[in-house]
Asker: 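Below is the structure I would like to discuss, written out as structure tokens.
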Amino acid sequence: MFLRQMETEDLDIMLDMAHAEGWSSDRFEFELYLKQNPDGCFTCITDEKVVGGIMTFTYPNSGWIGNLVVDKKYRLKGFGKALFRRGLRQLSSVPTIFLCASPMAVRLYSEFGFKKVSNVNRWERKGVTLEIPENNNELEYVLAVDGTCWREDRSKMLGQVFKNRSLLTDKGAWLGFGRVDDHWTIGPWEAYDKDLALGLLRQSMVESNERHILVDVPAQNTSAWDILTAMGFEVVGTTVLMCRGILPDIVFNNIYGFASMGSKG
Ligand SMILES: CC(C)(COP(=O)(O)OP(=O)(O)OC[C@H]1O[C@@H](n2cnc3c(N)ncnc32)[C@H](O)[C@@H]1OP(=O)(O)O)[C@@H](O)C(=O)NCCC(=O)NCCS
């Protein structure tokens, strides 16, 4: 087995492995990671094929590890750990590293000094779709709100994410959403106030039998819990946001939805 830098041609196999896990991932997201940080994405090769991978992403003051996956047939052989070590080495110069851990990987990450920050609930609402408004191009405003929530300049990622998402804004709140394969995902979704957050969700949701919506929400945002329950969403899974290093004072109460399904905050 050896590790090498990820190549664009590896993305189909990475996506197959992600979909086998039921992840809400698409080519746009994987290409975004790879293009933004080609030196920070790695694949694991054995039997002359790609059997696993990992992606890292950096902001000015923090880094994220995402999409660590190993083909089911090749698990428990040390490949996952080797990929994880490589990802960590790549991020050795940033003061803070985040990741969203699946329950099966929490122990592995704890071994490397990661500590739990929060549960992240995946909420689903069946029988609805999201209506696409005109993009109102308020990216600067959105980046300002986002910075106050995450205490980080995430423009490098959000600027790209919004090439593929619709955006609704209000004074003190905004909600992004986009299609991923056969469903919609909400996120990022941030608001200074519960009513503003609810207002944006109400404006964008439309009944439809064919579609469903997913959104990943930090569990300590109890306002989000109230809103989503009232709007007919149910929790369908939970991951664990973990951090190693200096934990910034993230304002979880204002974060109603992560930017992507768990993989980069
Ligand atoms: C998590 C995953 C990447 C681990 O890959 P792997 O190649 O099997 O991992 P390794 O063989 O390197 O094992 C690393 C450690 O994790 C432990 N581990 C692996 N799978 C485990 C499981 N299902 N339950 C509990 N522990 C597990 C191993 O026992 C090992 O511990 P040890 O070093 O103390 O012996 C792989 O199971 C996977 O792709 N899972 C689905 C996707 C996923 O959940 N990714 C993590 C997203 S955060």
Side-chain angles (χ1 to χ4, degrees), residues 1-6 10-27 29-30 32-34 37 40-58 62-91 94 96-122 124 157 180-181 185 187 214-219 235-245 247 257-265:
M1 183 278 285
F2 65 95
L3 305 184
R4 67 154 163 74
Q5 227 166 288
M6 193 175 286
D10 300 340
L11 291 182
D12 286 338
I13 302 172
M14 283 296 291
L15 277 167
D16 286 347
M17 289 188 284
H19 290 149
E21 293 307 315
W23 288 355
S24 171
S25 311
D26 64 3
R27 198 172 174 92
E29 183 191 331
F30 279 21
L32 170 68
Y33 263 112
L34 188 56
N37 195 12
C41 302
F42 306 95
T43 41
C44 168
I45 313 291
T46 198
D47 296 341
E48 295 177 7
K49 59 183 179 189
V50 172
V51 299
I54 192 165
M55 295 176 149
T56 67
F57 197 87
T58 50
S62 58
W64 279 79
I65 293 183
N67 301 321
L68 169 61
V69 65
V70 171
D71 185 320
K72 286 191 171 116
K73 295 193 281 295
Y74 291 90
R75 287 184 190 166
L76 297 175
K77 295 173 186 294
F79 297 174
K81 208 177 219 178
L83 281 162
F84 189 63
R85 277 187 206 281
R86 186 66 193 84
L88 273 184
R89 184 145 56 88
Q90 192 65 22
L91 295 177
V94 292
T96 307
I97 306 175
F98 290 106
L99 54 80
C100 276
S102 62
M104 77 165 74
V106 168
R107 196 170 60 92
L108 168 66
Y109 302 144
S110 305
E111 230 181 84
F112 287 88
F114 281 79
K115 296 207 163 44
K116 177 175 173 174
V117 177
S118 164
N119 281 340
V120 178
N121 291 319
R122 170 152 305 172
E124 183 185 50
M157 184 262 289
V180 176
D181 297 331
T185 61
L214 300 176
V215 56
D216 281 352
V217 186
V235 174
V236 292
T238 300
T239 54
V240 183
L241 175 65
M242 301 181 84
C243 167
R244 189 172 93 169
L247 177 64
F258 279 11
S260 77
M261 297 288 99
S263 52
K264 53 184 173 303

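Counting starts at 1 for both ligands and their atoms, in listed order. Fair warning: this is a prediction, and the values are worked out from it, not measured in the lab. What you see below is based on every heavy atom in this structure, not just the backbone, and it leaves out hydrogens, waters and symmetry mates.
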Asker: Quick one, list the residues around ligand 1 where some non-hydrogen atom comes in under 4.0 Å, by chain and residue number.
Answerer: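 Those residues closer than 4.0 Å to ligand 1 by some heavy atom are Glu21, Trp23, Leu68, Val69, Val70, Arg75, Leu76, Lys77, Gly78, Phe79, Gly80, Lys81, Cys100, Ala101, Ser102, Met104, Ala105, Arg107, Leu108, Tyr109, Glu111.
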
Asker: Please confirm whether the ring centroid of Phe98 lies under 6.0 Å from the ring centroid of Trp64.
Answerer: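 Between Trp64 and Phe98, which both carry aromatic rings, the centre distance is below 6.0 Å.
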
Asker: Considering only distance and modelled atom types, tabulate donor-acceptor pairs under 3.5 Å from the side chains of residues 107-114, sequence neighbours left out.
Answerer:
residue, atom, partner, partner atom, Å
Ser110, OG, Val106, O, 2.8
Glu111, OE1, Lys81, NZ, 3.0

Asker: Applying side-chain contact (heavy atoms from CB on, under 4.5 Å), name anything that partners Ser102, two or more places apart in sequence or on another chain.
Answerer: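 For Ser102 the side-chain contact (heavy atoms from CB on, under 4.5 Å) partners, ignoring immediate neighbours, are Met104, Ala105.
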
Asker: Determine whether the side chains of Arg244 and Thr96 contain a donor N or O and an acceptor N or O closer than 3.5 Å.
Answerer: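 Looking only at side-chain atoms, Thr96 and Arg244 do not form any donor-acceptor pair under 3.5 Å.
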
Asker: Quick one: list whatever passes side chain to side chain donor-acceptor pair (under 3.5 Å) with Asp26, sequence neighbours left out.
Answerer: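 In terms of side chain to side chain donor-acceptor pair (under 3.5 Å), with neighbours along the sequence ignored, Asp26 is linked to no residue.
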
Asker: Do Phe258 and Cys100 have side chains that get closer than 4.5 Å, going by heavy atoms?
Answerer: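 Answer yes - side chains close enough.
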
